[in-house]
Amino acid sequence: MSYNVAFISLGCAKNQVNCEQMMATVQAAGHTIQTEPQGADVVVVNTCGFLSSACEEAIDNILEMAELKKAGKIQKILVTGCMAQRYKEDVLRELPEVDGILGTGSYDDIAQAIAEVMEKGQRPCHLGNIHTANQSGERILSTPPWYAYLRIAEGCDNHCAYCVIPSLRGKYRSRPMAELLDEAAELSSAGVKELLVIAQDITRYGTDFNGEHQLAELLRQLCKLDFHWIRLHYLYPSDITDELIDTIASEPKILPYLDIPIQHCNDGILKAMNRRDTKESLTRVLKALRDRIPGLVLRTSLITGLPGEDEAAFEELCAFLREMRIERAGVFPFYPEDGTRAALMDHVDMEEAKRRAELVVDVQSDIIDAYNESVLGSEREVLCEGFDGQAQMFFGRSYAESPDIDGRIYFTADGEVSPGTFVTVRLTGVMDGELTGELAQEG
């Protein structure tokens, strides 16, 4: 039988790709995908479970769907993804409204699970092997038509002491390059202009095949396709090779915007957290990137209050940020996540970790304010993404803004600018921390 199925995807872009693949699987099975939950036979909540806050968001969404179910506006709820994998017993026990779960090793089973809940009255629990789960398959893109994600690997072998990802996503597995190039070619043919290359760690790409780093070669091949921009998330500093830096610097399509999560800079904390970096190695690689890639904008992730972070280590982090001038950062207070080694270590209390995170945000605000001031008067290529009726301005992104995680550039224009169009914008001001400008010419 055919059913109406709605999807809610939470968390990161990698999770979004899983959701896009499930949507394609469901459609291929003869079901109809609808955008809103109300009226659906089945609602699939694809969860994130990386942080406790992400689990709370997932539970809020599940409870919201439970209210719709109680009101008779939906029939069944399936929960998939990282929270289902991490807390499978708790989900089934504490959330009786949930009709079934699929872990991160069982996304391919979504059509089977729908049949089980709708036709057999079962409460399925599919928990396949997270180390061998299929990464490929057709997708129904859920991003705007001008950009899409290309997930080049699954899992992680870094085993940072504070992180649960290896236990949720399995060991690191690169996808075959030929398969990636075929998928990228399809995206290009579909009109995608910005390709975002993603994985938990893209710098390790190919090392599980033969021990050799193959990201640079993959990027060179991707640059032969008809993309306008290629953006990279995430690069681990210890695996950034000279070949990779040269490739990024020499290929015009690869944006000089790199997302490099460092988490901290104190040697003792980095060692305790099982990071492969030192303050000296971080300084060396960041300076090499600055020296060799003109106009580089850096993004990073930082954690305050990690085990071992006393006031001196915290001040060291702030001083490092001021020196390195990292333009963009996601800052998170440390939380002792269940099942991690760091949860068993001594650390500052949550309120102090939050206070330190707020202080780091202040440091970052000064850095981005100075950066914004430095680019005023220049012209920048912007990918228009829409019109803001309240501001009465168009908005979009330059190479320095990644979708969903960074801000926008607002600009005026005498005529209509269609979403998905590249234009040249002269930067003239700042509005609530975001750049503003005026249309100079169409790209």
Side-chain angles (χ1 to χ4, degrees), residues 5-26 28-29 31 42-63 65-66 76-118 120 122-139 142 149 151 153-159 163-173 175 198-200 337-340:
V5 185
F7 286 82
I8 298 172
S9 189
L10 306 172
C12 68
K14 298 178 290 296
N15 223 31
Q16 188 172 349
V17 170
N18 289 128
C19 196
E20 292 174 344
Q21 291 171 326
M22 284 194 290
M23 290 166 65
T25 300
V26 166
H31 305 305
V42 180
V43 174
V44 180
V45 183
N46 190 36
T47 62
C48 175
F50 177 46
L51 300 172
S52 294
S53 57
C55 293
E56 292 170 5
E57 180 188 16
I59 292 170
D60 287 344
N61 275 269
I62 293 168
L63 293 177
M65 294 305 104
K76 302 291 183 180
I77 301 170
L78 290 175
V79 176
T80 66
C82 289
M83 192 188 76
Q85 182 72 36
R86 186 177 181 184
Y87 295 115
K88 40 193 172 289
E89 294 89 357
D90 293 333
V91 172
L92 291 173
R93 183 178 63 251
E94 303 295 335
L95 296 168
E97 303 90 348
V98 171
D99 297 290
I101 65 171
L102 281 74
T104 55
S106 299
Y107 292 111
D108 284 353
D109 294 346
I110 183 63
Q112 179 183 342
I114 289 171
E116 288 167 346
V117 298
M118 293 300 297
K120 300 179 181 179
Q122 297 177 354
R123 198 184 191 206
C125 178
H126 292 251
L127 298 168
N129 191 327
I130 63 173
H131 302 292
T132 59
N134 178 40
Q135 298 184 59
S136 308
E138 296 297 318
R139 296 159 57 189
S142 56
Y149 298 101
R151 189 181 60 200
E154 177 62 288
C156 186
D157 288 345
N158 290 319
H159 295 286
C163 184
V164 298
I165 291 296
S167 65
L168 301 181
R169 291 287 183 166
K171 63 184 179 181
Y172 191 86
R173 292 106 66 204
R175 294 177 60 193
I198 61 169
Q200 194 63 34
E337 294 290 340
D338 294 340
T340 64

Exercise for the section: Ignoring hydrogens and angles, tell me if any N or O in the side chain of Q21 forms a donor-acceptor pair with the backbone of Q135 under 3.5 Å. Expected result: yes
Problem - Heavy-atom pair with the smallest gap, counting every atom of C163 and F50 - result: SG-CE1, 3.5 Å
Handout entry: Main-chain N/O of R151 paired to R175 side chain as donor or acceptor, under 3.5 Å
Key = yes
Practice task
Output all residues satisfying side-chain contact (heavy atoms from CB on, under 4.5 Å) with D60, sequence neighbours left out; order by chain, then residue number.
Solution key: none
Practice task
Starting at CD of Q16, measure out to CG of L10 and round the result to the nearest 0.5 Å.
Solution key: 10.5 Å
Exercise for the section: Say whether, by atom type as modelled, one donor and one acceptor occur between the side chain of D99 and the main chain of I77 under 3.5 angstrom. Expected result: yes
Fill in the blank from the handout: Between the SG atom in C12 and the CD1 atom in I165, the distance rounded to the nearest 0.5 Å is 7.0 Å
Practice task
Tell me, yes or no, whether the heavy-atom count around E138 atom CD, taken from other residues, nucleotides or ligands under 6.0 Å, exceeds 12.
Solution key: no
Handout entry: Check: T47 side chain, T80 main-chain N or O, donor-acceptor pair, under 3.5 Å
Key = yes
Handout entry: From OG (S167) to CD (Q85), nearest 0.5 Å
Key = 8.0 Å
Handout entry: Approximate separation, where rounding is to 0.5 Å, of N134 CG and D108 CG
Key = 4.5 Å
Handout entry: Evaluation steps, salt bridge (charged side-chain N to carboxylate O under 4.0 Å, His left out), between E337 and R86
Key = CA-CA 11 Å; E337 294 290 340; R86 186 177 181 184; 3.0 Å; yes
Practice task
Please confirm whether the backbone N or O of I130 pairs with a side-chain atom of T104, one donor and one acceptor, at under 3.5 Å?
Solution key: no
Exercise for the section: Indicate yes or no for a side-chain donor-acceptor contact from R173 to the backbone of H131 under 3.5 Å, with no hydrogens or angles considered. Expected result: yes
Problem - Spatial distance of atom CG (L102) from atom CG (L78) [nearest 0.5 Å] - result: 6.5 Å
Completion exercise
Of all heavy-atom pairs linking Y149 and V17, the shortest is CB-CG2, 3.8 Å
Handout entry: Residue pair V98 / R123, side-chain heavy-atom distance below 4.5 Å
Key = yes
Handout entry: Shortest non-hydrogen contact from V43 toward M65
Key = CG1-SD, 3.7 Å
Practice task
Give the C-alpha distance, both sets of side-chain angles, the deciding distance and a yes or no for side chain to side chain contact (heavy atoms under 4.5 Å, CB included) between C48 and E57.
Solution key: CA-CA 9 Å; C48 175; E57 180 188 16; 6.0 Å; no
Exercise for the section: Could you pull out all residues at least two apart from I59 that satisfy side-chain contact (heavy atoms from CB on, under 4.5 Å)? Expected result: L63, M83
Exercise for the section: Can you see which heavy atom on A133 is nearest to which on G105, and at what distance? Expected result: CB-CA, 3.7 Å
Completion exercise
Only one of K171, Q200, R169, K14 passes side-chain hydrogen bond (donor to acceptor under 3.5 Å, both in side chains) with E154, and that residue is R169
Practice task
Say whether, by atom type as modelled, one donor and one acceptor occur between the side chain of N46 and the main chain of N15 under 3.5 angstrom.
Solution key: yes
Exercise for the section: Identify the two heavy atoms, one from P124 and one from Q122, that lie closest to each other, and give their separation to 0.1 Å. Expected result: CD-O, 3.3 Å
Exercise for the section: Locate the shortest heavy-atom distance separating Y172 from G155; write the atom from each residue and the value. Expected result: CD1-O, 3.5 Å
